[in-house]
Amino acid sequence: MPELPEVETVVRGLKAVLPGKRITEIRFNKTDFIDNPADVAENLPGKRIAAVRRHGKFIVFDLIDGASRSTALLIHLGMTGQLITTPPEAPISPHTHIFFSLDNGRELRYTDIRRFGRVQFLPGGVDGSPLAELGLDALETNEKEFIERLRGRKARIKALLLDQRVLRGMGNIYTDESLWHARIHPARIAASLRDDELGTLYKAVQKVLKEAIRLKGSSVSDYVDSDGNRGEFQLHHRVYMRKGEKCFRCRTPIQRMIVAGRSSYFCPHCQRAPRTRAKKRPVERSKRL
DNA sequence: CTTACGGCCTGGGTGC
DNA sequence: TGCACCCAGGCCGTAA
C-alpha cells in the first residue's frame, strides 16, 4: 500500500531516469480510473518531463511543451498502483493499463490490480488541483507546525493523522507504527494530548518515515518501486498486521480494533486506552434504586 | 464548521 | 473444485 515512503521511493527512482525525456506515445488498456482519458491521450504525446516530484501521496509530473507552457500529470497509486520503467519489449504484467513511450526508447508503465489509483491531466498546472486541498507534508513540516495543526482538535488522533487535509502522506501502516513508537493509543482525542505528547508523536512520525524510506518502503501486498524491487520496511513493523503477536517493548499481545473506520494495531499496555465516557445508565437501573 | 459513519469502487486471499 | 465473503484506502453523501 503506497504511503509517503513508498511514493517517495518510486519518485526517487523516476527522478533518476525521467527528467528531460519526451513522451512520444501513450496507449491505454482500461481507463475508468483516469479523470479524463481523452484529455490525457490528446495532451501527453510530445510533452517533455521537466520534473518528477512527490506531493503527499501524489506523484506530480511537471510537463512542458514546445512553447514552454507548463502543464502537469497527477498520479495517485491508490492501494495497488505501480509505476515501472522498462524496455518496451519486456513482458506485460497483468493489469497494466497505461504505457508511456519515451524518446530514449524506454517505456513507463502504470499497473494497478484494483484500479483504486487516479490519473489526472492538469492543463493549468497544479494550481487549483486536488493538491491545493492537502495539509502539511508529514515529512517536511516542523514540530511547531505539527503541534499547532493537531492541538485542540476533537477528533481521534488516528483519524487526524490519516486526514490528508491535515497532514499529507500518512496512511494506515505509518500511522499505527508512529503511534506505537510515541506510546499513544489510536483512539485518543487529539485535544486530550499534551504538547509534549504531540512533540513525541512528531518525532516518532519523522523517525518512522525516514527509516521506511531508507528501507525503500513496505511491501505488504504488491508494492514495488520503479525498478520492480520490493521494499524491506515490512520486516521492521512493530504493530501493523501483528495481532496476537508480542509487543517488541513489553511482550503484551498486540490488539486490533477499528478506529476511524480502519484496522488499527496497537499495544494495549504501552498505548493506554482513553477513558471511555461512562455508559448511559439503563432505565432499569434507576428503578432498582 | 467539525466529526462520525456507511457505502462504493475492484479483485486477491481465505475458508468452507 | 468452486464460490461467497472479507478487506484494503480514498472519497462522497448524510447526519448530528
Side-chain angles (χ1 to χ4, degrees), chain A residues 1-8 10 28-37 54-60 74-83 92-98 110-120 129-135 137-138 148-179 185-193 209 212 217-224 230-231 233-234 237 239-244 255-265 274 276-277 280:
Chain A
M1 271 145 270
E3 302 179 23
L4 189 152
E6 290 76 30
V7 177
E8 178 67 23
V10 169
F28 301 110
N29 186 4
K30 291 187 178 176
T31 59
D32 57 0
F33 60 98
I34 301 173
D35 186 58
N36 187 337
R54 179 185 65 77
H55 191 96
K57 294 187 229 180
F58 285 88
I59 298 171
V60 184
L74 219 51
I75 296 185
H76 193 296
L77 299 175
M79 291 177 57
T80 54
Q82 302 177 342
L83 268 176
I92 298 169
S93 304
H95 307 289
T96 298
H97 297 298
I98 310 180
Y110 179 76
T111 303
D112 191 344
I113 297 173
R114 303 272 156 80
R115 305 202 304 285
F116 281 15
R118 287 293 173 264
V119 174
Q120 184 176 12
S129 74
L131 301 188
E133 309 294 318
L134 303 183
D137 191 276
E148 286 171 356
R149 186 59 64 102
L150 296 171
R151 183 195 282 142
R153 296 287 298 260
K154 303 279 177 51
R156 290 166 295 186
I157 188 66
K158 169 138 183 172
L160 294 170
L161 292 177
L162 287 174
D163 189 338
Q164 302 298 298
R165 296 166 300 184
V166 175
L167 206 61
R168 65 176 126 102
M170 301 285 284
N172 209 31
I173 296 174
Y174 298 102
T175 296
D176 280 4
E177 293 296 311
S178 298
L179 288 169
H185 191 283
R188 288 282 301 278
I189 300 298
S192 78
L193 296 168
L209 293 179
S218 300
S219 288
V220 289
S221 53
D222 39 23
Y223 163 75
V224 291
R230 291 167 56 84
F233 192 69
Q234 69 277 8
H237 290 172
V239 284
Y240 186 74
M241 290 284 282
R242 294 192 65 246
K243 180 185 176 182
Q255 286 185 8
R256 172 185 185 267
M257 70 182 289
I258 301 297
V259 179
R262 294 278 172 259
S263 282
S264 303
Y265 300 87
T276 52
R277 208 185 319 186
K280 277 184 192 141

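Chain identifiers are assigned alphabetically (A, B, ...) following the order of the sequence lines, protein sequences preceding nucleic acid strands; residue numbering begins at 1 within each chain.
No side-chain heavy atom of A/L150 sits under 4.5 Å from any side-chain heavy atom of A/L193. The shortest side-chain heavy-atom distance between A/P5 and A/F233 does not fall under the 4.5 Å cut-off.
Side-chain N or O atoms of A/D176 include one that pairs as donor or acceptor with a backbone N or O of A/Y265 at under 3.5 Å. For the pair A/E177 (side chain) and A/Y240 (backbone), a donor-acceptor distance under 3.5 Å is present. Between the A/Q164 side chain and the A/G56 main chain, no donor and acceptor come within less than 3.5 Å of each other.
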Trace of the side chain to side chain contact (heavy atoms under 4.5 Å, CB included) decision for A/Q120 with A/F58: CA-CA 11 Å; A/Q120 184 176 12; A/F58 285 88; over 6 Å; no
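Extent of DNA chain B lying under 4.0 Å from chain A heavy atoms, first and last nucleotide in 5' to 3' order, is B/dT3 to B/dG12.
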For nucleotides 9-16 of chain C, read 5' to 3', which letter fits each nucleotide if B means a protein heavy atom sits under 4.0 Å from the base, S means only the sugar-phosphate is that close, and - means neither? BB------
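Along DNA chain B, the nucleotide closest to A/G261 and the one closest to A/K30 are compared, and the more 5′ of them pairs with A/G261.
Judged purely by distance below 3.5 Å, without hydrogens or angles, the side chains of A/E6 and A/Y174 pair a donor atom with an acceptor atom.
Atoms CZ and CD1, on A/R118 and A/I34 in that order, are 10.0 Å from each other to the nearest 0.5 Å.
In this structure, A/R256 reaches the sugar-phosphate backbone alone: every heavy-atom distance under 4.0 Å involves primed, P, OP1 or OP2 atoms, never a base.
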